[in-house]
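Reminder, nothing fancy here: chain letters follow the sequence lines and each chain counts from 1. Below, all heavy atoms of this structure are taken into account, side chains as well, without hydrogens, waters or symmetry copies.
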Amino acid sequence: MATSTAPTSKRTMVERKEHATVTIRFCGDSGDGMQLAGTQFTNSSSIFGNDVATLPDFPAEIRAPAGSLPGVSGFQINFSSHEIHTPGDRVDTMVAMNPAALKTNYKDVVPGGIILVNEDAFSKTNLQKAGLDVSPLEDATLRDYHVYKLPMGKLTTEAASGFGLSNKGVNRCKNFFALGVICWLYERPLAPIESWINSKMGRTPAVADANTATLRAGWNYCDTIELFPHAYRVAKAKIAPGTYRKITGNEATAIGLATAARRAGKELFIGSYPITPATTILETLAAMPQMGVKTFQAEDEIAAMCSTVGAAFAGACAVTSTSGPGLALKGEAMGLAVMTELPMVIVNVQRGGPSTGLPTKTEQSDYLQAMWGRNGECPMPVLAACTPSDCFEMAVEAMRIAVQYMTPVILLTDGYLANGSEPWKIPKSSSLPRFDVVHPTNSNGEAFLPYKRNERGARPWAIPGTKGLEHRIGGLEKQAETGNVNYDPDNHQRMICERADKVAKVADSIPDLKIDGNPDAELLVVGWGSTYGAITTAVERANKRGQKVAHVHLRYLNPMPKNTEDVMKRFKKVIVPEMNMGQLIIKLRSDFLIDAKGINKVQGKPFLVSDIEAAIESALGEG
Amino acid sequence: MKVEMPVEPLKPADFASDQEVRWCPGCGDYAILAQVKKTLPGLGIPKEKIVFISGIGCSSRFPYYMNTYGFHSIHGRAMAVASGLKIARPDLNVWVVTGDGDGLSIGGNHLLHAIRRNIDMTVLLFNNRIYGLTKGQYSPTSEVGKRTKTSPRGSVDFPLHPLSVAIGAEASFVARALDVDLKHLGYVLERAAKHKGTSFVEIYQNCNIFNDGAYSYATDKGTKHDTRLILEHGKPLIFGKDREKGIRLNCTDPEIVTLGDGISEDDLLFHDEKAAEPSLAYLLTRMHHPNFPEAFGVFRAVERPCYEYVLDEMSDSTPPPQGAEDAEIDALLNSGDTWVVD
């Protein structure tokens with residue numbers, strides 16, 4: 001990739017103010033291309049050398065009525081000259097493409113922040129659709145902000161006409177006008193965006209040219225008319241040397257699973273049913289047949305799970321991906337996987353529930369379902385990724401544990417991780433763990449015992465096609481060692497204990513819990529999953545202020561690292577922020593008998609850093 | 001590279017597992033089990049390459065009694081488990097054993113979709129028109145008015161017909177057999193096993209405990225000639241003790257005619273299991289006792305691509321050699337836009 005610099009400004013007098021960190025939000029109608037504008041701004045910023053973190057926020061409807069409040073789609077990006085962990089609490093600069101977007105988003109902008117609006121969209125009809133009697137551009141609503149009214153519709157029409165596009169096609173370019181403006185304001189290189197336009201739209205040159213012209217028009221407009229008194233600069237971050245790419249959580253999960261299968265010397269089978277926000281895992285893997293990936297889009301969640309069980313019996317590295325409602329449907333077949341002790345990974349990208357809930361919004365409310373949402377005593381390892389790129393590492397870990405311990409493994413991510421992105425320092429394949437799978441090839445003349453365990457508690461993975469090892473498995477209770485159907489009371493108790501012990505033994509193969517922040521603090525913040533960024537930032541800030549706070553983040557939820565109890569008991573106070581009504585905390589309190597306090601947020605949105613800071617403040621303030 | 005294993009001649013007894021068969025004495029399942037064991041040696045497939053998969057129900061105990069690989073899965077899901085297995089390993093010979101409850105009630109959805117994908121496996125649906133394992137409730141194939149423990153005043157559920165459903169789901173192979181007609185059952189099983197694609201076989205199976213005599217019209221010596229019609233490809237549809245009756249097409253409806261008196265074999269409907277359109281095969285599935293004789297044999301056997309073989313050709317399933325594997329992973333990790341920080 002060529003290194004890019006911002007186009008040189010013709011304005012010799014343009015003053016650039018330095019900022020360490022900036023948060024921008026693009027918002028508009030779901031047809032306005034805000035996700036695209038945000039993604040491209042992210043790419044450009046990553047390539048420029050900032051650290052970035054993003055938060056896409058879009059409606060569940062593909063196209064809610066145009067201009068309506070439910071149809072508003074947003075993309076927030078935080079970019080910085082130092083390391084950052086969250087997409088930012090408050091917005092410094094916002095682009096609002098219509099009244100509905102302005103109305104639902106302006107309160108997140110910091111007082112004194114910049115609001116850019118497409119004034120052409122502030123028609124009487126659009127104001128009505130947003131439930132506004134008076135235009136907020138004409139009353140005192142926005143008096144605390146620097147508001148810039150740009151005729152984006154008109155300027156886009158002028159820039160994108162002449163390439164032979166329809167009026168509709170021309171109008172669709174206006175997200176690139178907004179992007180051009182923001183790129184000028186923050187000194188972003190246009191080259192990566194233009195190269196993306198050419199690679200994605202090059203097949204229809206008129207579309208590519210019109211979008212490129214509009215992007216440049218936005219940039220040039222700012223450069224020419226002295227709209228802004230000054231521009232801004234966010235210097236490159238000091239980032240560890242290496243090759244980087246931008247990655248979302250779902251991409252990382254998919255790549256991790258494909259990589260893990262290869263590291264196990266096997267094919268990857270994915271049996272899944274499309275469900276928001278997990279679908280892009282299936283889509284990403286469907287594009288990898290060259291990696292030996294077989295994708296099966298099943299007729300429903302149950303078939304997806306059952307096909308995964310069948311593929312595991314056949315000897316493939318088998319996975320399925322879903323979200324909360326799908327995990328509920330998979331429950332019975334997951335029990336079959338536990339009973340038959342076959343290796344597979346179940347990825348659950350959590351979303352707001354119960355029922356259909358909030359499909360496109362994030363939540364951590366499936367912990368209890370993952371742990372105990374099946375009939376019978378049905379333990380399985382549960383892992384949770386904590387950042388978008390951590391999804392890669394945890395996907396590899398999930399597969400490693402599955403094949404080494406012959407067990408289904410649940411990997412929890414969530415909508416925030418799935419769609420959020422960050423720069424990822426690409427690892428070398430040679431640095432990744434290898435976990436060769438050994439299938440038994442004969443029983444040395446003795447009767448084959450499909451449930452005879454090794455030192456890990458794992459049974460042999462004998463696969464069909466192996467002569468002499470023909471055996472039958474199923475969902476009925478197994479006799480120890482032989483695997484024959486058995487209803488004996490003592491045997492049932494023994495087998496339940498053996499299955500539980502095996503899962504507990506996974507703790508032998510996972511790293512200890514690491515304490516961040518001040519290890520001698522009075523207060524410990526315990527997190528899991530996607531709250532990592534907000535907690536890390538809040539704890540860093542608290543310690544900088546002189547407060548004493550420690551942080552541990554659980555990536556292995558079942559079993560937990562061996563030193564977990566020791567760590568939990570070392571601190572006088574423990575708080576547990578979760579995007580649920582208090583789920584992990586139940587386990588922590590019952591296992592370790594600690595008086596942990598829950599910090600709970602269920603708004604379909606990730607924690608703000610300030611939420612956690614307030615919780616820390618309050619916990620330290622209490623005697 | 002595939003290495004062909006030398007195939008030793010197997011006997012039916014080689015397919016018997018060490019597990020005691022525990023169906024009720026007199027159950028029709030015994031005959032089917034025996035006939036499957038008799039059929040397998042003739043296929044020339046090593047037994048380690050064969051997998052029997054089932055759901056839940058009396059019939060679904062089947063895999064335990066076969067000395068092959070086997071999977072007794074959960075209620076209704078055998079087709080989905082089998083689909084995953086066969087997609088992952090197209091080299092295996094896969095059989096699904098299911099029943100009218102398992103396959104058509106709780107598992108109806110999976111049955112439809114596996115059939116439409118034409119995954120290469122043989123599906124045996126034991127139809128006893130009752131729930132046996134739960135001790136006698138009406139099933140999706142029970143007749144209206146059937147009195148059972150859950151329908152004390154007679155069932156109000158309208159039954160469906162497995163073969164009609166299979167044809168509706170675009171089945172490439174559809175057949176029917178009767179548990180007690182061993183020779184014909186053996187013929188149907190062999191045809192089904194050799195067909196490439198989903199072979200769907202409905203087997204009329206008597207539950208002598210909860211629904212005894214459900215098919216007595218077809219098994220009793222006195223009535224069987226008038227109630228059964230054996231299908232033969234390219235032959236006219238003839239039945240009756242003296243082969244004196246036939247089926248003729250009257251407009252779009254079948255009608256029973258007596259041969260002679262100006263009606264010859266040439267006037268009858270001729271069976272064509274290879275017909276591109278399944279209309280006539282479907283019509284045969286709609287002939288029910290007591291208005292018509294019921295057809296047995298192969299209704300439909302056509303060629304159609306199988307999901308798992310097409311998918312297998314699309315994917316590069318051979319893992320690269322040790323050294324090349326790292327290069328392949330690195331290429332994946334570095335795909336898309338990348339940048340270097342010095």
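- Interface summary for chain B: among A:Pro464, A:Ala258, A:Pro241, A:Gly242, the most heavy-atom pairs under 4.5 angstrom belong to A:Pro464.
- At a heavy-atom cut-off of under 4.5 Å, chain A is reached by B:Tyr69, B:Gly70, B:Phe71, B:His72, B:Ser73, B:Ile74, B:His75, B:Arg77 from residues 69-78 of chain B, listed in order of number.
- Ion pairing between a basic and an acidic side chain is recognised when a charged N comes within 4.0 Å of a carboxylate O; B:Glu308 and A:Lys294 show no such pairing.
- Judged by distance alone, the side chain of A:Arg263 and the main-chain N or O of B:Ile329 form no donor-acceptor pair under 3.5 Å.
- Using modelled atom types, no side-chain atom of B:Arg89 and backbone atom of A:Ala311 make a donor-acceptor pair closer than 3.5 Å.
- The shortest distance between side-chain heavy atoms of B:Val340 and A:Tyr244 does not fall below 4.5 Å.
- Of the atoms belonging to B:Asn67, heavy atoms from both backbone and side chain fall under 4.5 Å from chain A.
- When heavy atoms are compared at a cutoff of 4.5 Å, A:Ile463 approaches chain B by way of both its backbone and its side chain.
- Contact of B:Met79 with chain A is not made at all, since no heavy-atom distance falls under 4.5 Å.
- Residue B:Glu20 holds its CD atom at 12.0 Å from CG of A:Asn484, rounded to the nearest 0.5 Å.
- By the 6.0 Å contact criterion, OH on A:Tyr273 is open, its count of non-hydrogen atoms from other residues, nucleotides or ligands being 12 or less.
- When heavy atoms are compared at a cutoff of 4.5 Å, A:Ala261 does not approach chain B at all.
- When A:Gly474, A:Gly256, A:Gly465, A:Gly475 are compared by the number of non-hydrogen pairs under 4.5 Å with chain B, A:Gly465 comes out ahead.
- In this structure, A:Pro427 and B:Asp330 approach most closely via the heavy-atom pair O-OD1, 4.2 Å.
- Look at A:Glu299 and B:Arg117 and you find a salt bridge, because one of the NZ, NE, NH1 or NH2 atoms lies within 4.0 Å of a carboxylate O, short of that distance.
- Using a 4.5 Å cut-off between heavy atoms, B:Lys86 makes no contact with chain A at all.
- Residue A:Ser199: no heavy atom, backbone or side chain, is found under 4.5 Å from chain B.
- Across B:Val341 and A:Ile239, no two heavy atoms sit closer than the pair CG1-O, 3.5 Å.
- Interface remark: B:Tyr307 contributes side-chain atoms only to the contact with chain A (heavy atom separation under 4.5 Å).
- For the set A:Ala303, A:Ala314, A:Ala316, the count of heavy-atom pairs under 4.5 angstrom toward chain B peaks at A:Ala314.
- In this structure, the separation between OG1 on B:Thr338 and CD1 on A:Ile426 is 5.5 Å, given to the nearest 0.5 Å.
- Not one N or O on the side chain of B:Trp339 forms a donor-acceptor pair closer than 3.5 Å with the backbone of A:Thr243.
- No hydrogens or angles considered: nothing links the side chains of A:Asn43 and B:Asp337 as a donor-acceptor pair under 3.5 Å.
- Under the 4.5 Å side-chain criterion, counting only non-hydrogen atoms from C-beta, A:Arg472 is in contact with B:Ser17.
- In this structure, chain B has heavy atoms under 4.5 Å from both the backbone and the side chain of A:Phe296.
- For chain B, no part of A:Met305 is nearby; none of its heavy atoms comes within less than 4.5 Å.
- Chain B forms more heavy-atom pairs under 4.5 Å with one residue of A:Glu332, A:Lys428, A:Gln290 than with any other, namely A:Glu332.
- The environment of CD in B:Gln19 is crowded: more than 12 heavy-atom neighbours from other residues, nucleotides or ligands sit within 6.0 Å.
- For the options B:Glu328, B:Lys47, B:Met66, heavy-atom pairs under 4.5 Å to chain A are most numerous at B:Glu328.
- Counting heavy-atom pairs under 4.5 Å between each of A:Glu251, A:His471, A:Lys425 and chain B puts A:His471 at the top.
- Chosen from B:Leu92, B:Val51, B:Asn93, the residue pairing most often with chain A at heavy-atom distances under 4.5 Å is B:Leu92.
- In this structure, chain B has no heavy atom under 4.5 Å from any part of A:Ile270.
- At a 4.5 Å heavy-atom cutoff, the contact between A:Thr259 and chain B is made by backbone and side-chain atoms alike.
- Contacts with chain B were tallied for A:Thr308, A:Asp300, A:Val293; A:Asp300 has the most, counting heavy-atom pairs under 4.5 Å.
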Passes side chain to side chain contact (heavy atoms under 4.5 Å, CB included), B:Tyr64 versus A:Val485? Steps please.
-> CA-CA 9 Å; B:Tyr64 289 125; A:Val485 175; 3.3 Å; yes
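- Here the side chains of B:Glu325 and A:Arg434 are in contact, with some heavy-atom distance below 4.5 Å.
- Counting non-hydrogen atoms of neighbouring residues, nucleotides and ligands closer than 6.0 angstrom, the CD atom of B:Glu313 reaches no more than 12 such neighbours.
- Atoms CD and CD, on B:Glu48 and A:Glu470 in that order, are 5.5 Å from each other to the nearest 0.5 Å.
- Interface remark: A:Leu336 contributes side-chain atoms only to the contact with chain B (heavy atom separation under 4.5 Å).
- With a 4.5 Å cut-off on non-hydrogen atoms, A:Leu469 touches chain B through its backbone and its side chain both.
- A donor atom on one side chain and an acceptor atom on the other are not found under 3.5 Å apart for B:Asp326 and A:Ser430.
- Contacts of B:Ser335 with chain A are made by both backbone and side-chain atoms, with heavy-atom separations under 4.5 Å.
- At least one donor-acceptor pair closer than 3.5 Å links the side chain of A:Arg245 to the backbone N or O of B:Leu333.
- One finds the CD1 atom of A:Ile302 at 5.5 Å from the NE2 atom of B:His110 (value rounded to the nearest 0.5 Å).
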